[in-house]
Amino acid sequence: MVRRPASGVPRTYRRGMARSPFTPSFWRSPLRGPWLTSVLGVVLLGGITVLFVTGLLSYAAYNPGLSPVNDKTPDKGVLGFYLFSWPTDPHWLYRLTQGIHVTLGITLIPVLLAKLWSVVPKLFTLPPARSLAHALERISLLLLVGGALFEFVTGVLNVQLDYVFPGSFYPLHFYGAWVFFAAFVAHAVLKTPLALRNLRRIRELPSRADELVSPDPAEPTVSRRGALWFVGGGSLLLFLTTAGRSFDGVLRRTALLAPHGGGEPASGPGGFQINKTAAYAGIDPAETGAEAWRLVVTGRDGRTVRLSRAELLQLPLHSAALPIACVEGWSTSDQWWRGVRLRDLAALVGYEDDPPDLFVESLQRHGAFRRAALRANQVADPRSLLALSVNGADLTPDHGHPARIIVPAAPGVLNTKWVARLTFGDL
Ligand SMILES: Nc1nc2c(c(=O)[nH]1)N[C@H]1C(S)=C(S)[C@@H](COP(=O)(O)O)O[C@H]1N2
Ligand SMILES: [Mo]
């Protein structure tokens, strides 16, 4: 038996002695209740579904089925059931899907935290399980909460600190998404009808019987509406300081949460975001000069041509206005690229019509993105270029001089910089 302190001891002090997080009366906020939890839950139901779909699209955009170099999760098995050839139209497709994925993910952080806060007493209920069904429900809740935190944390770290998980972000975020989404679907199926009912009962006072409602509520310091404004305000602030990374010019300067440490790209033709600099990628300037650099193109039956940059410039040159759109959620507006069509290069090595897939290798010796595979539909698009210049000037070293790939609608990772070798053939 707990011995009650003698009367006369202040009430709050007595409480402190008798309470632990496992006693319901420990949780005193008068805000907790089915209505708040339901509002936040319905927002997350929509938001997380969009995150999941855009995440799956991002994975498909890498064309992982095409070549092991494009696939960061080779053991995916049936989880790749939905993969399809990523289209080249509209040319801003990945900019849109990935911009939504990252911007929405960051914007939902306050909603997720508020939702977890609103149900935190439930994590402490005793006994841990009343029945088998209850035990299963609680395990699924652990997967749900753990999965949500894991997905948001890995996503944010990849966007903010890029490459904290060298090479392993993709499998972590990908498998984590499936575990999380399975728990999320189970939870949504169980709870959505209840949440919608709770929302309709907006004006009713929460019933004392609901386990979310504190049995011993403290004095309110803010209304439920005020709390929602607080969460919504946090989301709006994150949105306003994130969305700019999908644009350039003045809007980009509002992207306070896009700390790409390497300093602002210079102004002028090459003045748009740089993912990794030539120095970072270990590109030796001696290898990219006119004397040393040759593009090696191989095609049908091993047919090979070697081209200097001057020779490439003699080939028919074409322009295309295309963005760079990175998995990290930033993108540029359309830049004017100029260079040789990939399908014209295919024709040089024996693929006059119906160009096949293409394997691209750069001068870079280490790093996950030094090689990439492009699918035949991407090679065939007349806007797909081996670019030699951008916005009317030679490519800068950091944007891939002497030559880089640019393909409409593809994620940035497929736009290989410092290209050394192109191999055409079915992959
Ligand atoms: N060789 C090589 N090419 C590369 C990369 C790389 O690491 N190495 N990064 C890719 C990624 S992830 C992106 S988003 C784009 C960025 O191009 P930019 O730096 O010109 O904006 O380059 C791509 N090309
Ligand atoms: Mo990227």
Side-chain angles (χ1 to χ4, degrees), residues 58-59 61-63 69-70 72 92 94-95 97-99 101-102 155 158-167 169-170 173 245-248 252 255 258 260-266 268-284 287-288 293 295 320 322-339 358-374 378 384-391 393-422:
S58 178
Y59 184 57
Y62 278 61
N63 280 336
V69 302
N70 287 13
K72 312 290 177 214
W92 37 260
Y94 191 74
R95 200 177 166 204
T97 62
Q98 195 61 7
H101 186 75
V102 171
N158 187 58
V159 167
Q160 298 295 323
L161 307 169
D162 52 337
Y163 316 121
V164 272
F165 303 101
F169 163 73
Y170 294 89
H173 203 65
R245 68 172 88 197
S246 298
F247 303 93
D248 34 38
R252 183 164 226 101
H260 277 270
E264 286 299 300
F272 56 94
Q273 181 148 352
I274 292 159
N275 173 280
K276 279 184 237 156
T277 62
Y280 182 94
I283 302 301
D284 180 354
E287 289 180 287
T288 57
W293 186 78
L295 176 73
L322 299 172
I324 298 273
C326 180
V327 66
E328 291 155 23
W330 60 265
S331 58
T332 70
S333 57
D334 294 352
Q335 312 293 323
W336 275 96
W337 305 91
R338 194 163 171 78
L358 167 60
F359 190 66
V360 183
E361 294 163 274
S362 83
L363 290 170
Q364 197 183 337
R365 292 196 177 77
H366 307 283
F369 307 134
R370 69 184 198 281
R371 300 174 302 181
L374 298 174
Q378 294 174 312
S384 296
L385 303 176
L386 180 73
L388 303 167
S389 65
V390 64
N391 301 324
D394 277 355
L395 287 176
T396 62
D398 291 339
H399 283 304
H401 182 87
R404 81 170 301 165
I405 299 288
I406 186 84
V407 169
V413 71
L414 297 182
N415 295 322
T416 311
K417 304 195 276 192
W418 316 293
V419 171
R421 186 183 277 275
L422 300 177

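Whatever order the structure lists them in is the order used to number ligands and atoms, beginning at 1.
- Polar contact with ligand 1: present for Gln273 (N/O pair, distance under 3.5 Å).
- Ligand 1 lies less than 4.0 angstrom from a heavy atom belonging to Arg404.
- Short contacts between ligand 1 and Asn415, defined as distances under 4.0 Å to a heavy atom of the residue, involve ligand atoms 22 (O), 23 (C), 24 (N).
- With a 4.5 Å cut-off on side-chain heavy atoms, Val327 and Val413 do not count as touching.
- Between Leu386 and Leu295, some side-chain heavy-atom pair lies under the 4.5 Å cut-off.
- When all heavy atoms of Gln364 and His366 are compared, the pair lying nearest together is NE2-O, 2.8 Å.
- Interface atoms of ligand 1 facing Thr416, defined by a heavy-atom separation under 4.0 Å, are 1 (N), 3 (N), 24 (N).
- Taking distance alone, with nitrogen or oxygen atoms compared against 3.5 Å, Ser362 approaches ligand 1 more closely than that limit.
- Side chain of Asn415 to backbone of Val407: a donor-acceptor contact under 3.5 angstrom is found.
- Close contacts between ligand 1 and Lys276 involve ligand atoms 7 (O) [criterion: under 4.0 Å to a heavy atom].
- Considering Arg371, Gln364, Arg370 only, the shortest heavy-atom separation from atom 2 (C) of ligand 1 involves Gln364.
- Considering backbone and side-chain atoms alike, Trp330 places every N or O at 3.5 Å or more from each N or O of ligand 1.
- Ring-plane geometry between His173 and His101 is classed as perpendicular, the angle between the planes exceeding 60 degrees on a 0 to 90 degree scale with a lower cut at 30.
- Set against the non-hydrogen atoms of Trp418, the atoms of ligand 1 under 4.0 Å away are 1 (N), 2 (C), 8 (N).
- A distance of 6.0 Å or more separates the ring centres of Tyr280 and Trp418.
- A 4.5 Å side-chain heavy-atom check between Pro269 and Gln335 finds every atom pair outside the cut-off.
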